[in-house]
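Take a look at the structure below.
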Amino acid sequence: MGFMKERKHLFARSSQNGTMEEIKNKLRALICQAIKKGFENGELKQVLLPEIELEAPKLSAHGDFAANIAMVLASSQKRPPREVAQILLNSISDTGRLLAKAEIAGPGFINFFVNNACWHAVLKEIHESDDIYGCSDIGRGQNVLIEFVSANPTGPLHIGHGRGAAVGDTLANILRASEYKVEKEYYINDSGRQIQTLGLSVFLRYRELHGADIDFPHDCYQGDYIREEAQAISEIKGRGLLDIPAEEAVAFCARFTASTILNEIKQDLTDFGVRFDHWFSEQGLFDAGAVDKAIQDLKKKRIIYEKDGALWFRTTDFGDEKDRVVVRANGITTYFASDIAYHDDKLRRGFDRIIDIWGADHHGYIHRISACIQATGHEKERFKVILIQLVNLLRGGNPVAMSTRAGEFVMLRDVVDEVGRDAARFLFLTRRYDSPLDFDLEVAKRRSNDNPVYYVQYVHARISSILKKACAREAEEPCFGDTVDLMQLKEPEELALIKCMSRFPAVVAESARLMEPHRVPFYLTELAATFHNYYNKHKVLSNDLVLTAARLYMVSAVRIIVRNGLKLMGVSAPESM
RNA sequence: GGGCGAUUAGCUCAGAGGAUAGAGCACAAGCCUCCGGAGCUUGGUGUCGCGGGUUCGACUCCCGCAUCGCCCUCCA
């Protein structure tokens, strides 16, 4: 989906919200006229005009759109809903011949059945919009910064980071498609104690490598990669680090290793299809004096105070349960200190909204950051946190042991190597982010219905194959001009498919508004099912060339949506599988 | 003890004011003279955790309770 491309022809259209919205607006106008007519001829008591809601009913027997207006009006009219509905129905004048049928049903719904031609217009819209079908303007150009992954450069990315990466990247795509201006940022915790510990861990392994008898502390990093880093340093420096003061040696190991690991993280993310606009260094904040300045400013405001030799932030003023330490008694700043400066910096860069994506175990941090955002003079509404629940890695239903202590965690790279990037990205998005995710490696590799990624991609490959075959039949080169007779499309399965297609822009817009990327894969799975159902019942290619042209026009529209939807998710849309 | 999240079919999960609450898996039975069977069709199961409230109408919103998970460091 070409989110960043020129969108002139879309703006030129009467609506940016898709054909379905246009149909709804026309229906609203009809209803509105009917109500006013009722007011004028005295059949209805004059009341304030309520919002006219239209929904797409689940059951096709309930029409294409249902209005609850009669039930809403019933109480103020002091008449039964169905009676009100009847009055409205009598007053509706469908001059544009939009409706095939309208009827009263259930407790007082008015169900509208629109003409097939309305739905056929959806196909034209899809073809005209092509790779921007699904885009909307609901973001109105707002600037948004999404910070995600932001794993410490003390070890490789694990599978949990993968979920964060998939959600963050997809959310960014969805927002961009909805006319938000989005920048993606990775915050590098390249300062402080954990980097120090990293250096120490590597240095100890280095000494071990050179024959020293070491006692490897429990709180040092345990993974095998620490030994590999020590080996790498050894190859460059030989025994050189043994001859300089230990402090310098540790500092060297810290710098060297953090930078190596960060490069590996960048490579992993690149291979996972995630590209950041900014890599923001925590150390950079210290170097620029931003952390000190933030602390001094808040001291002046008496939001930061001294107690027991430490500096505390009065987060309780902002609803936190206790105050938090910013600078410890030993003079070392906590993460919180740089986070104050960091979030202040983000907002000063002029973003309307900043979004942080964190693991759910950090939820206790929300109050703190919200407090410092307010304390530094920003509105807390500009800040939003998305908490992502944990990933449980399984293999054939059995949990894969993941112990941080023993350094046995499953790396994102290994998972991607085993199941593929498409499957990994898709599966990470098949749960709401606030629901824990069981990620089963065997299921991820399986090519069946419990693995939705292939189910959806298969649609793309299948349609591609049909189009290829159609081109090969020289007599009927598919021409998608105005010559296509869309009235040919009247089978129930065809209309169901087109209606499903018409929902895509609303799905993307809703997904952007609620910041819920999972809506896209769920929709695509439904579209795929609707398509397969159609495909198994009707042949696209036949001797009826007029019908064939119309059907080709339709299925290639399906292909456009599948491609656009997968693109949002960073998943490929293969021509063949 | 406090905070956050969750609780929907046997399992994994969608649904966030509307009508008879859905999908996949699993189970059973069918569909290839056919454009890709990595597919389709047909079968049924739910006190939507419990109890109140709001309203024309609640799985959905509000309050209380129960259970589960995570968090409650001068940790990162």
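Residue numbering restarts at 1 for every chain, and letters A, B, ... go by the order of the sequence lines. Since the model is a prediction, treat every value here as computed from it, not as a measurement.
For the pair A/Arg503 CZ and B/G15 C1', the computed distance is 12 Å after rounding to whole Å. Atom CZ in A/Phe109 sits about 4 Å away from atom C1' in B/G18, given to the nearest Å. B/A19 atom P lies 17 Å from atom CD of A/Glu103, rounded to whole Å. For the pair A/Glu55 CD and B/G57 C1', the interatomic distance rounds to 12 Å; values are reported in whole Å. When rounded to the nearest whole Å, the span between OH of A/Tyr455 and P of B/G36 equals 18 Å. Taking atom CG of residue A/Leu514 and atom P of nucleotide B/G15, one finds them 9 Å apart after rounding to whole Å. Rounded to whole Å, atom C1' of B/G36 lies 10 Å from atom CZ of A/Phe531. Straight-line distance from the CG atom of A/Leu497 to the P atom of B/C40: 13 Å, rounded to whole Å.
Residue A/Met577 places its side chain closer to B/A38 than to any other of B/A38, B/C56, B/A76. Comparing B/C40, B/A76, B/G15 by their nearest atom to the side chain of A/Asn536 picks out B/C40. Side chain of A/Trp312, nearest nucleotide from B/C74, B/A19, B/A76: B/C74.
Nucleotides B/C63 and B/G22 have their P atoms positioned 29 Å apart, rounded to a whole Å. Rounded to a whole angstrom, the distance from the P atom of B/G15 to that of B/G39 is 24 Å. Taking the C1' atoms as reference points, B/U45 lies 14 Å from B/A28, given to the whole Å. One P atom belongs to B/C56, the other to B/G5, and the distance between them is 29 Å to the nearest Å. With C1' as the reference atom, B/A6 and B/C25 are 22 Å apart, rounded to whole Å. For the P atoms, the distance linking B/G10 with B/G2 amounts to 34 Å, nearest Å. Separating the P atom of B/A29 from that of B/G36 is a span of 30 Å, rounded to the nearest Å. Taking atom P in both B/A38 and B/U47, the straight-line distance is 38 Å, to the nearest Å.
Within the structure, side chain to side chain donor-acceptor pair (under 3.5 Å) contacts touching residues 50-59 of chain A (residues at least two apart or in different chains) do not occur.
As judged by a 4.0 angstrom heavy-atom cut-off over every strand, A/Tyr535 is placed among the base-contacting residues. Among the atoms of the strands shown, none is found under 4.0 Å from any heavy atom of A/His460. Residue contacts shown for A/Glu493 are absent, as no nucleic acid heavy atom lies under 4.0 Å away. Using a 4.0 Å heavy-atom distance criterion, A/Ala74 is classed as making no nucleic acid contact. In this structure, A/Asp323 reaches neither bases nor backbone, as no heavy-atom distance under 4.0 Å exists between it and the strands shown. Among the atoms of the strands shown, base atoms are found under 4.0 Å from some heavy atom of A/Asn68.
A heavy-atom distance below 4.5 Å is not found between the side chains of A/Leu198 and A/Gln194.
The base-pairing partner of B/C68, taking Watson-Crick or G-U wobble contacts with both distances under 3.5 Å, is B/G5. B/C61 is paired with B/G53 under the criterion used here, namely a Watson-Crick or G-U wobble arrangement in which both key atom distances are under 3.5 Å. Pairing of B/G46, defined by two Watson-Crick or G-U wobble distances under 3.5 Å, is not identified with any nucleotide. Nucleotide B/A23 is matched to B/U12 when pairs are restricted to Watson-Crick or G-U wobble geometry with both distances under 3.5 angstrom. Pairing of B/G17, defined by two Watson-Crick or G-U wobble distances under 3.5 Å, is not identified with any nucleotide. Under the Watson-Crick or G-U wobble criterion, with both distances below 3.5 Å, B/G30 is paired with B/C40.
A donor-acceptor contact under 3.5 Å is formed by the side chain of A/His363 with the base of B/G3. Side-chain to base pairing of A/His532 with B/A38: no donor and acceptor N or O lie closer than 3.5 Å to each other. No N or O donor and acceptor, one from the side chain of A/Asp219 and one from the base of B/A76, sit under 3.5 Å apart.
Distances shown here put every side-chain N or O of A/Asn533 at or beyond 4.0 Å from the OP1 or OP2 atom of B/G39. Residue A/Lys322 has a polar side-chain atom (N or O) positioned under 4.0 Å from OP1 or OP2 of B/C74. The phosphate of B/G36 has OP1 or OP2 within less than 4.0 Å of a side-chain N or O from A/Lys469.
Counting heavy atoms of neighbouring residues, nucleotides and ligands inside a 6.0 Å radius, atom NZ of A/Lys380 does not exceed 12 of them.
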Next item on the list: Do nucleotides 20-30 of chain B as a string where each nucleotide becomes B, S or -: B if the base has a protein heavy atom under 4.0 Å, S if just the sugar-phosphate does, - if no protein is that close.
Entry: ----SS-----
Item checked: Contact pattern, 5' to 3', of nucleotides 8-14 of chain B - B, S or - by protein heavy atom under 4.0 Å -> ----SSS
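Contact check on A/Glu306 versus A/Lys299 returns no salt bridge, with no Lys/Arg side-chain nitrogen under 4.0 Å from an Asp/Glu carboxylate oxygen. The residues A/Glu510 and A/Arg519 are annotated as not salt-bridged, no charged nitrogen and carboxylate oxygen being separated by less than 4.0 angstrom. The existence of a salt bridge linking A/Lys78 and A/Glu83 is excluded, since no basic side-chain nitrogen approaches an acidic carboxylate oxygen closer than 4.0 Å. Salt bridge A/Lys384/A/Asp356: absent, no basic N to carboxylate O contact under 4.0 Å.
Relative to the six-membered ring of A/Tyr454, A/Arg447 meets both conditions, a distance below 6.0 Å and an angle of at most 45° to the axis.
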Next item on the list: Run the numbers on A/Gln389 and A/Tyr433 for side chain to side chain donor-acceptor pair (under 3.5 Å), then give the verdict.
Entry: CA-CA 6 Å; A/Gln389 282 293 340; A/Tyr433 51 70; over 6 Å; no
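Between A/Tyr187 and the options A/Tyr335, A/Tyr342, A/Phe148, a ring-ring contact (aromatic ring centres under 6.0 Å, His included) holds for only A/Tyr342.
For the residue pair A/Ser338 and A/Glu282, a side-chain donor N or O sits within less than 3.5 Å of a side-chain acceptor on the partner. No side-chain N or O of A/Glu147 forms a donor-acceptor pair with one of A/Tyr186 less than 3.5 Å apart.
Along RNA chain B, the nucleotide closest to A/Ala360 and the one closest to A/Ala528 are compared, and the more 5′ of them pairs with A/Ala528. Each of A/Ser464 and A/Glu53 was assigned the nucleotide of RNA chain B with the nearest heavy atom; the assignment lying further toward the 5' end belongs to A/Glu53.
If you look at A/Phe313 and A/Tyr305, their ring centroids are not closer than 6.0 Å.
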